[in-house]
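In this text the structure is predicted, and so the values were computed from the model without any measurement. Letters go in sequence order (proteins before strands), and every chain restarts at 1.
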There are 2 protein chains.
Amino acid sequence: MDNIKKKLQEKGLKITPQRLAILQALMSNKSHPTAEMIMEYIRVNHPNIATGTVYKVLDTFIEHQIIKKVQTEKDVMRYDAIMDHHHHLFCSESERIEDYVDIELDELLQAYFIKKGIPDFKIEDIRLHVNGKFLRIE
Amino acid sequence: MDNIKKKLQEKGLKITPQRLAILQALMSNKSHPTAEMIMEYIRVNHPNIATGTVYKVLDTFIEHQIIKKVQTEKDVMRYDAIMDHHHHLFCSESERIEDYVDIELDELLQAYFIKKGIPDFKIEDIRLHVNGKFLRIE
DNA sequence: TCTTAAAAGAGAATAAATCTTATTTAGGGT
DNA sequence: ACCCTAAATAAGATTTATTCTCTTTTAAGA
Ligand SMILES: [Mn+2]
Ligand SMILES: [Mn+2]
Ligand SMILES: [Zn+2]
Ligand SMILES: [Zn+2]
């Protein structure tokens, strides 16, 4: 919880109970939760937190690069507190999304694109969306 | 327009003016349009098409693998009529999304994952989301 | 041509996200 | 420690994208 505070301070953000709760929720839940799921989780200790506050805080975190959005095919956004470069595994028959870290792959891609490039495009970031099936229940 | 009809017939779908218009709109517009954009486009010739019909038709097309959704960080879905395997270039400062076809890359990735695999996961499809900036105005 | 299941139209309903305004609060300055 | 104020939150209305329900229309096979 102290390093959560530090994280906010580093970005020059005021430390509020709501921000701490939301960030803590995101950091302890690696399943890329929705805003709704975060609210449910923190309502236990913060019964009066407003929906708008949650969305506002999430936006603030994104702006300050504390969290990221995870794009899905559903009409609901999901959030990710892990900022180290990583890819995602999407289950093709459920909403499950897992992180996939692979430095060897990243190096391979980097080498490939440094050599080849993409015409008229300056690459900033490459992420894989790997669709498939998990062979083990989480 | 005839091969659009054929496409529907192949999937066992009834040929309706609405479906033809929507699929034609999608195939002539490579910018990964939203449902709203498709409606705007086809309203010129189909002024009475219902919003619900457009969404219903799009869903039907997705079910029958005639089109695909394109995931974005905005709260609006985008659609893609190109079904051949390809990746996407996302502009980090606008809504522009372009196709990126690279068979050499696909082969590289395939070789990599055949050799390495992902533990407890059966890969079905790999797509790159390349974020960056377009260096030439479209 | 007739029949009927499927599709479309109209508009209400929902769900996610955003906005507005009043109130509260964090934290720097005194 | 206390003030001050800009920033943050609460509450609830609003918007926007999407879905649903129900009625009417239509495609296409018999
Ligand atoms: Mn939405
Ligand atoms: Mn929505
Ligand atoms: Zn992640
Ligand atoms: Zn595409």
Side-chain angles (χ1 to χ4, degrees), chain A residues 1 4-25 32-43 45-64 66-79 95, chain B residues 1-2 4-25 32-43 45-64 66-67 69-79 95:
Chain A
M1 183 54 89
I4 291 178
K5 276 192 192 173
K6 208 179 293 173
K7 209 166 249 204
L8 296 179
Q9 253 152 357
E10 276 168 17
K11 302 288 182 174
L13 293 173
K14 280 192 185 174
I15 292 166
T16 69
Q18 294 85 349
R19 284 177 174 172
L20 289 175
I22 292 167
L23 189 48
Q24 190 273 321
H32 308 87
T34 63
E36 200 62 47
M37 288 158 78
I38 294 166
M39 278 186 257
E40 224 169 283
Y41 180 90
I42 64 182
R43 281 239 170 83
N45 295 311
H46 292 263
N48 298 326
I49 196 159
T51 303
T53 299
V54 175
Y55 282 103
K56 189 83 204 344
V57 167
L58 289 169
D59 276 357
T60 304
F61 287 172
I62 288 161
E63 255 176 66
H64 289 79
I66 294 170
I67 65 170
K68 283 210 168 221
K69 286 186 177 181
V70 178
Q71 319 177 184
T72 80
E73 295 197 347
K74 293 291 160 59
D75 182 26
V76 54
M77 200 50 65
R78 297 178 65 165
Y79 300 88
E95 304 314 313
Chain B
M1 182 55 92
D2 256 4
I4 291 177
K5 276 192 191 175
K6 207 177 294 171
K7 210 166 246 201
L8 295 179
Q9 255 152 356
E10 276 168 16
K11 302 288 183 174
L13 293 172
K14 281 193 185 173
I15 291 167
T16 69
Q18 294 84 350
R19 284 176 176 175
L20 289 176
I22 291 167
L23 190 48
Q24 190 273 320
H32 309 84
T34 64
E36 201 63 47
M37 288 159 77
I38 293 166
M39 278 187 259
E40 223 170 283
Y41 179 91
I42 65 181
R43 280 238 170 84
N45 296 310
H46 292 262
N48 297 327
I49 196 159
T51 302
T53 299
V54 175
Y55 281 103
K56 190 82 201 351
V57 167
L58 289 169
D59 275 357
T60 304
F61 287 172
I62 288 161
E63 256 176 64
H64 289 80
I66 295 170
I67 65 170
K69 286 185 176 180
V70 178
Q71 317 176 184
T72 78
E73 295 198 349
K74 293 292 161 59
D75 183 28
V76 54
M77 199 52 65
R78 297 179 66 165
Y79 299 89
E95 304 314 313

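One atom, CG of A:Leu58, and another, P of C:dC19, lie 15 Å apart when rounded to the nearest Å. One interatomic measurement links the two molecules: CZ of A:Arg19 to C1' of D:dA10, which rounds to 15 Å at whole-angstrom precision. Note: CD1 (B:Ile49) to P (D:dT24) measures 20 Å, nearest angstrom. Look at CZ on A:Phe61: it is 18 Å from C1' on C:dA17, rounded to the nearest Å. Spacing between atom CD of A:Glu36 and atom P of C:dT18 amounts to 14 Å, rounded to whole angstrom units. Atom CG in B:Leu8 sits about 15 Å away from atom C1' in C:dA8, given to the nearest Å. Separating the CE atom of B:Met37 from the C1' atom of D:dA17 is a distance of 15 Å, rounded to the nearest angstrom. Rounding to whole angstrom units, CD of residue A:Glu63 and P of C:dT18 are separated by 12 Å.
Listed nucleotides C:dG9, C:dG27, D:dT9 differ in distance to A:Val57; the shortest reach to its side chain belongs to D:dT9. Nearest to the side chain of B:Tyr55, among D:dT9, D:dA17, C:dG27, sits D:dA17. For A:Thr53, the listed nucleotide lying nearest its side chain is D:dT9; candidates were C:dG9, C:dG27, D:dT9. The side chain of A:Ala50 approaches D:dA11 more closely than any other nucleotide in the set D:dA11, C:dT18, D:dA27. Residue B:Lys14 places its side chain closer to C:dA6 than to any other of C:dG27, D:dT18, C:dA6. Among the nucleotides C:dA7, D:dA28, C:dA17, the one closest to the side chain of B:Asp75 is C:dA17.
Comparing B:Gly52 and B:Leu13, the nucleotide of DNA chain C nearest to each residue sits closer to the 5' end for B:Leu13. Toward the 5' end of DNA chain D, the nearer of the two residues A:Thr51 and A:Thr60, judged by each one's closest nucleotide, is A:Thr60. In terms of position along DNA chain D, the nucleotide closest to B:Met39 lies nearer the 5' end than the nucleotide closest to the other residue of the pair B:Met39 and B:Ile15.
Remark: B:Gln18 is in phosphate contact with C:dG9, judged by side-chain N or O atoms under 4.0 Å from OP1 or OP2.
Screening A:Ile22, A:Ile49, A:Leu23 for a side-chain contact (heavy atoms from CB on, under 4.5 Å) involving A:Ile38 leaves a single residue, A:Ile22.
Nearest heavy atom pair, residue B:Tyr79 against residue B:Ala35, reads CE1-N, 3.9 Å.
A 6.0 Å sphere centred on NZ of B:Lys69 holds more than 12 heavy atoms belonging to other residues, nucleotides or ligands. By the 6.0 Å contact criterion, CD on A:Glu40 is open, its count of non-hydrogen atoms from other residues, nucleotides or ligands being 12 or less.
Under the 3.5 Å distance criterion, the side-chain polar atoms of B:Arg78 are matched with a main-chain donor or acceptor of B:His32.
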**Request:** List the steps, then state whether side chain to side chain contact (heavy atoms under 4.5 Å, CB included) holds for A:Phe61 with A:Lys7.
**Result:** CA-CA 10 Å; A:Phe61 287 172; A:Lys7 209 166 249 204; over 6 Å; no
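Note on A:Thr16: only backbone sugar-phosphate atoms sit closer than 4.0 angstrom, heavy atoms only; bases stay farther off.
Taking five base pairs at each end of the helix from C:dT1-D:dA30 to C:dT30-D:dA1 and finding the rotation axis that steps the C1' atoms of four pairs onto the next four gives two axes whose angle is 30°, to the nearest 10°.
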I'd like a table of donor-acceptor pairs (distance under 3.5 Å, sequence neighbours excluded) in which one partner is a side-chain atom from residues 8-20 of chain B, with atom names and distances.
| unit_1 | atom_1 | unit_2 | atom_2 | d |
| --- | --- | --- | --- | --- |
| B:Lys11 | NZ | B:His64 | O | 3.1 |
| B:Thr16 | OG1 | B:Arg19 | N | 3.1 |
| B:Arg19 | NH1 | B:Lys14 | O | 3.0 |

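Rounded to the nearest 0.5 Å, atoms NZ (A:Lys74) and OG1 (A:Thr34) are 12.5 Å apart.
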